[in-house]
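Numbering of residues begins at 1 and proceeds along the displayed sequence.
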Amino acid sequence: MPKTKYQIEFAIKSSPSLLYNYISNPSGLSEWFADNVNSRGEKYTFIWDGHEESAFLMKLKQDSYVRFQWEDDEDTKYFFELNIVVDELTNDVSLVITDFAESDEVEESKQLWESQIEDLKKVLGSI
């Protein structure tokens, strides 16, 4: 069954460079995204409650975005991306998440992202 692509945007009170550290490196990701994150080259291992999921770092641009692909989605077009957007007029910072989910799981997936982004905001002091 093909997955549905969706985007969700969150206002974040943070500098792009600080936010980038929390979305791109294992120590930053382990503070909000997973219980623990390890990387070996382009392969990242995310650990939640003793359960491991691996993803590959596909693309990144300093202070701008990171794109990962879950190991289970290898050889597909599916990925998840965290993109930092700065409004040119106001300098407000947003984090735009692009992800894929089964069509009947999109809302659940969005809720999971909302929960995780709340954790990120707490870590950043952005609430």
### Message
Treating Thr76 as the side-chain partner and Tyr78 as the backbone partner, does any N or O pair qualify as donor plus acceptor under 3.5 Å?
### Response
yes

### Gln62, CD: over 12 other non-hydrogen atoms inside 6.0 angstrom
yes

### Ser39: partners by side chain to side chain donor-acceptor pair (under 3.5 Å), with sequence neighbours left out
none

### Message
A side-chain contact here means heavy atoms from C-beta on lying under 4.5 Å apart; do Phe56 and Phe68 qualify?
### Response
no

### Spacing of CD belonging to Glu9 relative to OG1 belonging to Thr98, to within rounding of 0.5 Å
10.0 Å

### Message
Between Asn25 and Asn21 (side chain of the first, backbone of the second, donor and acceptor by atom type, cut-off under 3.5 Å), is there such a pair?
### Response
yes

## Note on the structure
In this structure, CD of Glu81 is separated from CG of Leu60 (nearest 0.5 Å) by 10.5 Å

### Side chain proximity check, Pro26 to Asn38, heavy atoms < 4.5 angstrom
no

#### Entry: Distance in Å, Leu112 CG paired with Glu105 CD, rounded so as to fall on 0.5 Å steps
11.0 Å

### Sequence-distant partners of Glu71, salt bridge (Lys or Arg N to Asp or Glu O under 4.0 Å), two or more places apart
Lys43

### Query
What closest approach, in Å, do Ala55 and Phe46 show between heavy atoms, and which atom pair accounts for it?
CB-CE1, 3.7 Å

### Query
Which distance, rounded to the nearest 0.5 Å, do you find between the NZ of Lys13 and the OG of Ser94?
11.0 Å

### Query
Hey, does Ser109 have a side-chain heavy atom less than 4.5 Å from the side chain of Tyr6?
yes

### Message
For Gln69 versus Met58, what's the shortest heavy-atom pair and its separation?
### Response
CB-SD, 3.2 Å

### Task
Flag the pair Tyr65 / Ile84 as yes when at least one side-chain heavy-atom distance between them is below 4.5 Å, and no otherwise.
no

### Task
Evaluate the side chain to side chain contact (heavy atoms under 4.5 Å, CB included) criterion for residues Phe10 and Glu114: first the C-alpha distance (whole Å), next the side-chain angles of each, then the deciding distance (0.1 Å), finally the verdict.
CA-CA 8 Å; Phe10 301 93; Glu114 288 170 6; 3.7 Å; yes

#### Entry: Evaluation steps, side chain to side chain contact (heavy atoms under 4.5 Å, CB included), between Ile117 and Ile12
CA-CA 9 Å; Ile117 297 302; Ile12 308 278; 4.0 Å; yes

### Query
Can you find a pair of side-chain heavy atoms, one from Leu120 and one from Leu19, that are under 4.5 Å apart?
yes

### Task
Give the cluster check for Val96 versus Tyr20: same hydrophobic cluster or not, with ILVMFWY residues linked at side-chain heavy-atom distances below 4.5 Å.
no

### Query
Just wondering, do Tyr44 and Leu29 contact through their side chains at under 4.5 Å, heavy atoms?
yes

### Joint cluster assignment, Val37 & Ile23, ILVMFWY side-chain distance < 4.5 Å
yes

### Query
Do Leu18 and Leu124 come close enough that some side-chain heavy atom pair is under 4.5 Å?
yes

### Task
Would you name the heavy atoms of Pro16 and Asp63 that are closest together and state the gap between them?
CB-O, 4.0 Å

### Message
Show the nearest heavy-atom pair for residues Val66 and Ser24, with the distance to one decimal.
### Response
CG1-CB, 3.5 Å

### Query
Quick one: does Phe100's side chain get under 4.5 Å of Trp70's, heavy atoms only?
no

### Glu52/Thr45 under side chain to side chain donor-acceptor pair (under 3.5 Å): CA gap, chis, key distance, verdict
CA-CA 6 Å; Glu52 291 187 6; Thr45 303; 5.1 Å; no

### Task
Report the C-alpha separation of Val86 and Asn91 in whole Å, then their side-chain angles, then the decisive distance to 0.1 Å, and conclude whether the side chain to side chain contact (heavy atoms under 4.5 Å, CB included) test is met.
CA-CA 6 Å; Val86 180; Asn91 282 331; 4.0 Å; yes

## Note on the structure
The complete set of salt bridge (Lys or Arg N to Asp or Glu O under 4.0 Å) pairs with one or both residues in residues 90-103, sequence neighbours excluded, reads none

### Message
Quick check: is Phe80 connected to Ile8 through a chain of hydrophobic side chains (ILVMFWY, heavy atoms under 4.5 Å apart)?
### Response
yes

### Arg67 and Leu82: CA distance, side-chain angles, deciding distance, side chain to side chain contact (heavy atoms under 4.5 Å, CB included) verdict
CA-CA 6 Å; Arg67 179 182 289 183; Leu82 300 102; over 6 Å; no

### Query
Just by modelled atom types, is the Trp113 backbone N or O under 3.5 Å from a matching donor or acceptor in the Glu118 side chain?
no

### Query
Can you list the residues that meet the salt bridge (Lys or Arg N to Asp or Glu O under 4.0 Å) rule with Asp35, with sequence neighbours excluded?
none

### Point-to-point distance, once rounded to the nearest 0.5 Å, from OG of Ser126 to OH of Tyr22
11.5 Å

### Task
List in chain and number order the residues that pass side chain to side chain donor-acceptor pair (under 3.5 Å) with Glu53, two or more places apart in sequence or in another chain; answer none if no residue qualifies.
His51

### Query
Looking at residues at least two apart in the chain, or sitting in another chain, which of them share a side-chain contact (heavy atoms from CB on, under 4.5 Å) with Asp119?
Trp32, Lys122

#### Entry: Atom pair CG (Asp104) and CD (Glu108), whose distance is rounded to the nearest 0.5 Å
8.5 Å

